[in-house]
Amino acid sequence: KRIGSYKLEANKYVRLKFVYSSTSKVKVGIVNKSRNKVTLKEIKPNDIQKIKVPKRDTYSIYIQNNSGKKITVSGVIIIL
């Protein structure tokens with residue numbers, strides 16, 4: 001699922017804090033209009049995660065559930 005649409009500058013950071021129901025098969029990251037993704041390799045629920053923006057573009061936050069089970073996600077997005 002994609003969330004929002006944000007114009008971001010290169011070398012800035014997006015900080016994310018998500019709480020989700022238990023599963024280890026969740027990917028979180030940012031994706032631009034060309035579908036180029038920056039994915040966090042290891043996410044920890046309820047910890048603040050930081051993603052560096054590679055180039056100036058418009059990005060969405062995405063959450064990908066690979067568990068095959070329904071999950072619930074809530075969180076906060078901070079653009080710096």
Residues which pass side-chain contact (heavy atoms from CB on, under 4.5 Å) with S34, listed by chain and number, not counting sequence neighbours
N32, N36
From I3 CD1 over to Y62 OH, what is the distance, rounded to the nearest 0.5 angstrom?
12.0 Å
Can you name the residues that form a side-chain contact (heavy atoms from CB on, under 4.5 Å) with K27, not counting sequence neighbours?
T39, Q64, N66
Taking all non-hydrogen atoms of both residues, which atom of V38 and which atom of K52 are closest, and how far apart?
CG1-O, 4.2 Å
Closest heavy-atom contact between P54 and A10?
O-CB, 4.0 Å
Who passes salt bridge (charged side-chain N to carboxylate O under 4.0 Å, His left out) against R56, sequence neighbours left out?
E9
Under 3.5 Å donor-acceptor pairs involving side-chain atoms of residues 68-79, not counting sequence neighbours:
none

Kindly indicate, with the supporting measurements, whether the criterion side chain to side chain contact (heavy atoms under 4.5 Å, CB included) is fulfilled by Q49 and V28.
CA-CA 9 Å; Q49 309 292 317; V28 174; over 6 Å; no
If you look at every heavy atom in S60 and G4, which pair is closest and at what distance?
OG-O, 2.7 Å
Separation between CG of D57 and CG of L8, rounded to the nearest 0.5 Å
8.5 Å
To the nearest 0.5 Å, tell me how far I48 CD1 sits from R15 CZ.
7.5 Å
Treating Ile, Leu, Val, Met, Phe, Trp and Tyr as nodes and any side-chain heavy-atom pair under 4.5 angstrom as an edge, say whether V31 and V14 lie in one connected cluster.
no
